[in-house]
Amino acid sequence: MFMSKKKWLMAGLIGLSALTLAACGSNKSSNSGTAKHVSMPETYSGPGKATTSGNNSTLKVAEVNDAPFAGISSPTLASNAEDADVFSPGGGDNLFNVTKNYKIVDGGLANLKLDRKAKTATITLRKDARWSNGTKVTAKDIEYPYEIIGNKKTESQQYSSDYATIKGMAAYHAGKAKTISGITYPDGQKGRSVVIHFTKMSPSMQYLGNSFIWGTVEPYEYYGKTPISKLAESAKVRKNPIFTGPYKLDKIVQGESTSWSPNKYYWGKKPQIKNIAIQVVSSNNIVAAFKSKKYDFVAGGPNATMPSSQYPKLKALKDYSEVGISSLGYNYFGFNVGHMNTKTGLNVMDKNAKMGNKNLRKAMLYAVNIDAVSKKFGNGLSWRANTLIPPTFKNVYDAKAPGFKYNMKKAKSLLNKAGYKKQGKWRTQPNGKKLTIYFGGMSSSAATEAKYQYYIQQWRKAGLNVKMTTGKPMEMNSFYSTLQKPSQNKIDVFLGAWAVSSEPTPTQMYGVDAPYNMGHFATKKNTQLLNSLNNDKAWNSKYRAQQFKKWQEYMNSQAAYGPEMFSLAWSPVNKRVKGYDLRPQNNEFWSNLSLTAANPK
């Protein structure tokens, strides 16, 4: 399985993604959303049989990114999808196997049993569960991620109010308790089982990536006495991590590459390929790299970030086949409307925030012609998004929502009515003061950076004086370190992308206490709607779908976050590769791969 947590990443013409409650189950990626798009197979197996020389060689994988990866191996602490990609042969330390709809089933590292009446979730490890250094995976390793997520001094970005439904978590998160009372060990911390006691049960708990039950383990004993506040910088996370998946890490060149060989302690299917190398390649160099046959495919699976502007050139390569799946995410515009209160851990909207007027935000969304941008650069692989829920979540996605279709006349009218009147070339704030809006976007492909300039041009046509923060696109790590600050005034509007989870509840991105809510949007109505997605009534699928659609409608009405593009996650796959399968039910992605030749053909 691929990484399934909520992650953010570079804003390119291919967005990051969300896994699904109702994912694509067929062997073709489906057309859904605001426009038709290219259809690709979700699997590929090259001609001929796998050979000994092929499997003894090195599988070469490209991580397409325009910045070094951060290098945090811990799934609980990582917040960039690139880290998930470059460490993915280690298995992501995932606990559970899933069906085509990401429903949790028995047979993985652990099994899950939900008891609605008792309000408990019991997680039981398989008997042969071991880390890649040979030590046993224990019950404490299941519990420890909750401590990391909930700790007041943590660097994890995963906490949200959903975790407070675990008994004792709120007290632990507030620093009032040293342990989480609602997580118990029937056979001790070194045993195989954990029971989590909840104040309420949620229908989302049945699916991988839900925001109530964490889906991975962390090696508690291996981390030793390292304080949680220092884990992310520790050598055992960054230089010498251990894993539960099919491969073990042999070498890491910080920010550049990772190298892997089979993990002899892996409980599952024995991996067939003896070596894997994953290397960062810039979006501007990826076509040349594939033309010279340096790589077999791109990392990321359902979150792959290939520049769609390069699709025609890559499609023309004879020794590669294009494989893709409806991307588990989307690109979005975010507006800075507040700050996070560091004492309470809650996002707060500022009454006098520069971007606090929703008509200003809506005007900026209507002023850009995303349909034209996707037509020019998308090549049928990306298209205008209409909500903040991707179409891969078929049961809850609102296909009828109009979104923000280009309408400059409407944009100007909204600005006029809201009091943003022109004084000379530029509009002023309603109070008559000068208005300069700073736009943040990450360094990326030439096509993406051209898109940034188009957006600025359109906003200026509407009379808004918009400039890029720092005067140019920002390096990815700098961009997100700025947005992650509890309070910042350098970026007013930004273009980002989500790689979210296989369960669509967006509390961890847009909740009042979510660190990922980097625009700091927080209203009572939003909290009520988010809570309704997993209340007792939500066990009824029709009610749940209705509430999801109400939330999508509400978020579009507030425009604190605006949908930009949906996309396909895709990759060229070299014809020497067999067993490449992006479908969710392929729980042994890396072990199912094999090679027919010693080098890419």
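Keep in mind that the numbers below use all heavy atoms, side chains included, and drop hydrogens, waters and symmetry copies.
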Just checking K200: does its NZ atom have more than 12 heavy atoms from other residues, nucleotides or ligands closer to it than 6.0 angstrom?
yes

In terms of heavy-atom contacts, does NZ of K549 have more than 12 from other residues, nucleotides or ligands at under 6.0 Å?
yes

Does F96 offer a backbone N or O that forms a donor-acceptor pair with the side chain of N94 under 3.5 Å?
no

Nearest-0.5 Å distance, NZ of residue K409 to OH of residue Y366
14.5 Å

Side-chain heavy atoms of M355 within contact of L360, under 4.5 Å
yes

On a heavy-atom basis, which atom in P584 and which in I325 lie closest, and how many Å separate them?
CD-CD1, 4.5 Å

Between the OH atom in Y406 and the CG atom in D371, the distance rounded to the nearest 0.5 Å is 11.5 Å

Quick one about S204 and N210 (side-chain donor to acceptor, distance below 3.5 Å, no hydrogens or angles considered), yes or no?
no

Note: M518 and Y561 closest approach over all heavy atoms is N-OH, 3.2 Å

Separation between OG of S502 and CG of L208, rounded to the nearest 0.5 Å
3.5 Å

Taking the side chain as C-beta and beyond, is there a heavy-atom pair between T99 and Q585 under 4.5 Å?
no

Looking at every non-hydrogen atom in both residues, tell me the closest pair between S156 and T76 and how far apart they are.
OG-O, 2.9 Å

Working note: I104 + Q206, criterion side-chain contact (heavy atoms from CB on, under 4.5 Å); need CA distance, chi angles, decisive distance, verdict.
CA-CA 6 Å; I104 295 169; Q206 304 168 92; over 6 Å; no

Can you tell me how far apart CD (E155) and OG (S74) are? Round to the nearest 0.5 Å.
10.5 Å

Side chains of Y480 and M474: closer than 4.5 Å at any heavy-atom pair?
no

With a 3.5 Å distance limit and no angle check, can you tell me whether Y454 reaches the backbone of N369 through a side-chain donor-acceptor pair?
yes

For Q558, is the CD atom crowded, meaning more than 12 foreign heavy atoms sit under 6.0 Å from it?
yes

Side-chain donor/acceptor of D513 to backbone N/O of S161, under 3.5 Å
yes

Using the rule given for side-chain contact (heavy atoms from CB on, under 4.5 Å), can you reason through Y516 versus Q158, listing the C-alpha separation, both sets of side-chain angles and the distance that settles it, and then say yes or no?
CA-CA 8 Å; Y516 280 141; Q158 302 292 346; 3.5 Å; yes

Decide whether N535 and Y543 meet the rule of one side-chain donor and one side-chain acceptor closer than 3.5 Å.
yes

Would you say the side-chain atoms of N101 pair up with the backbone N or O of K103, donor to acceptor, closer than 3.5 Å?
no

Run L415 and L464 through side-chain contact (heavy atoms from CB on, under 4.5 Å) and show every step you take.
CA-CA 9 Å; L415 290 170; L464 298 171; 4.2 Å; yes

For the side chain of N531 and the backbone of T527, is there at least one donor-acceptor N/O pair under 3.5 Å apart?
yes

Quick one: pull up CD in Q528 and NZ in K550 and give me the separation to the nearest 0.5 Å.
11.0 Å

Test item: side-chain donor near acceptor, D162 and T507, under 3.5 Å
yes

If you look at every heavy atom in S557 and K362, which pair is closest and at what distance?
O-CE, 2.9 Å

Salt-bridge criterion met for E42 and K100 (N-O under 4.0 Å)
no

Would one find more than 12 heavy atoms of other residues, nucleotides or ligands at under 6.0 Å from atom CG of N540?
yes

Report yes if some heavy atom in the side chain of L568 is under 4.5 Å from a heavy atom in the side chain of Y311; otherwise report no.
no

Measuring from atom CG of N357 to atom OH of Y420, what distance do you get when rounded to the nearest 0.5 angstrom?
4.0 Å

Does the side chain of T436 come within less than 4.5 Å of D492's, by heavy atoms?
no

Check whether R384 reaches the backbone of I370 with its side chain - one donor and one acceptor, N or O, closer than 3.5 Å.
no

Go through it in stages, so that I can follow the logic: the residues are N489 and Y438, the test is side-chain contact (heavy atoms from CB on, under 4.5 Å), and I'd like the CA-CA distance, side-chain angles, deciding distance and then a yes or no.
CA-CA 9 Å; N489 58 10; Y438 292 97; over 6 Å; no

Residue pair V493 / I437: nearest heavy atoms and the distance that separates them:
CG1-CG2, 3.9 Å

Candidate list T505, L533, L530, test side-chain contact (heavy atoms from CB on, under 4.5 Å), partner S211, passing option
T505

Within the distance-only criterion (no hydrogens, no angle test), does the side chain of Q488 pair as donor or acceptor with the backbone N or O of K490 below 3.5 angstrom?
yes

Does any part of the side chain of M306, heavy atoms only, come nearer than 4.5 Å to the side chain of L381, both counted from C-beta?
no

Aromatic centroids of W214 and Y146 separated by under 6.0 Å:
no

We want to know whether E503 and S501 form a side-chain donor-acceptor pair, criterion being a heavy-atom distance below 3.5 angstrom.
no

Backbone N/O of S327 and side chain of S567: donor-acceptor pair under 3.5 Å
no

For a 4.5 angstrom cut-off between non-hydrogen side-chain atoms, does Q310 reach N379?
no

Side chain N359, main chain L414, donor-acceptor under 3.5 Å
no

Distance-minimising heavy-atom pair for A569 and N303
CB-N, 4.1 Å

Name the orientation class of the two ring planes belonging to F521 and Y554 (parallel below 30°, tilted from 30 to 60°, perpendicular beyond 60°).
tilted

So, does S532 use its side chain to make a donor-acceptor pair with the main chain of L529 at under 3.5 Å?
yes

If you measure only the distance, is there a donor-acceptor pair under 3.5 Å linking the side chains of N347 and Y510?
no

Would N465 and R427 count as having a side-chain donor-acceptor pair, cut-off 3.5 Å?
no

Does the ring centre of Y455 sit less than 6.0 Å away from the ring centre of F439?
no

Using side-chain heavy atoms (C-beta onward) and a distance below 4.5 Å, is H173 in contact with Y159?
yes

